[in-house]
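Here's the structure, in structure tokens; my notes come after.
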Amino acid sequence: MKFLDRLSLDASANSRTIRRAYARELKLIDQEAEPAAFQALREAYEAALRWAESGATELPEPDQHEMPHEGALAQLNDLKSLEQARQILQSLRPLNLEDSEVFEASVARLLESGWRPGHEYLFPAACEIFYWDGRQLPSYMDDFDALAGASRT
């Protein structure tokens with residue numbers, strides 16, 4: 001699994017070894033000079049922790065896609081609080097890094113499709129969970145110009 005590979009770990013990793021590996025790898029990155037590398041490391045760390053905390057005994061196959069179906073994204077409509085938005089995004093976010101990027105783009109597409117009730121909670125939750133800073137989005141999200149200039153205030 002790519003998230004464990006990024007942390008130089010194997011399937012026997014637990015939360016403690018994942019945190020240690022993250023700390024070790026974090027020392028090798030200049031977060032300000034290499035924001036994309038930091039984001040990739042952070043996403044690998046979070047995916048590894050979600051996997052470890054899920055109690056899964058086997059890793060998903062690398063080709064196994066775990067994207068939530070379109071109906072699952074409907075849970076992001078009519079959100080009532082920031083905490084609800086955070087919880088739903090975390091529960092829907094795939095462990096696989098490639099699928100996670102596709103999911104992130106799906107959320108961005110939903111936000112860019114126009115304001116809907118609940119987006120006032122979805123946008124700040126997405127900024128927090130996906131590490132969007134409102135100025136610069138990851139390179140795989142170059143098509144989302146409106147979000148790149150948005151403010152979280």
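Start at 1 with the first residue, then count along the sequence. What you see is a predicted model; the values in this text were computed from it and never measured.
- The shortest distance between side-chain heavy atoms of Leu28 and Leu41 does not fall below 4.5 Å.
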Does Arg86 form a side chain to side chain contact (heavy atoms under 4.5 Å, CB included) with Ser81? I'd like the steps, not just the answer. CA-CA 9 Å; Arg86 286 183 188 122; Ser81 71; over 6 Å; no

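- When every heavy atom of Ile18 is checked against every heavy atom of Ala48, the shortest pair comes out as CD1-O, 3.3 Å.
- Summarising the geometry, atom CZ belonging to Arg116 is positioned 10.5 Å from atom CG belonging to Leu76; distances are rounded to the nearest 0.5 Å.
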Please walk me through it: do Val107 and Leu92 pass side chain to side chain contact (heavy atoms under 4.5 Å, CB included)? CA-CA 11 Å; Val107 172; Leu92 293 177; over 6 Å; no

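- Contact of the Arg93 side chain with the Glu46 side chain is registered, since non-hydrogen atoms from C-beta on lie closer than 4.5 Å.
- Taking every heavy atom of both residues into account, Ile88 and Gln75 meet most closely at CD1-O, 3.5 Å.
- For the pair Glu104 and Ile129, the minimum side-chain heavy-atom distance is 4.5 Å or more.
- Shown here for His119 and Pro124, the closest heavy-atom pair between the two residues is O-CD, 4.1 Å.
- Annotation: the span from Tyr22 atom OH to Leu7 atom CG amounts to 9.5 Å, rounded to 0.5 Å.
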Could you go through Glu43 and Arg6, starting from their C-alpha distance and side-chain angles, then the distance that decides it, and tell me whether this counts as salt bridge (charged side-chain N to carboxylate O under 4.0 Å, His left out)? CA-CA 10 Å; Glu43 288 176 358; Arg6 176 61 188 89; over 6 Å; no

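- Within a 6.0 Å sphere centred on CZ of Arg20, heavy atoms belonging to other residues, nucleotides or ligands number 12 at most.
- Residues Asn77 and Leu122 are not in side-chain contact: their nearest non-hydrogen atoms beyond the backbone lie 4.5 Å or more apart.
- Between Leu82 and Glu120 the shortest side-chain heavy-atom distance does not fall below 4.5 Å.
- Counting heavy atoms from C-beta outward, Asp30 and Phe38 have side chains that stay 4.5 Å or more apart.
- Separation of atoms CG (Asp78) and CD (Gln84) is listed at 9.0 Å; rounding is to 0.5 Å.
- Counting all heavy atoms, side chain and backbone alike, Leu111 lies closest to Ala126 at CD1-CB, 4.5 Å.
- Between Asn14 atom CG and Trp51 atom CH2 the span is 9.0 Å, to the nearest 0.5 Å.
- The backbone N or O of Val102 sits less than 3.5 Å from a side-chain atom of Ser106, completing a donor-acceptor pair.
- Rounding to the nearest 0.5 angstrom, the gap separating the CZ atom in Phe130 from the CZ atom in Arg42 is 14.0 Å.
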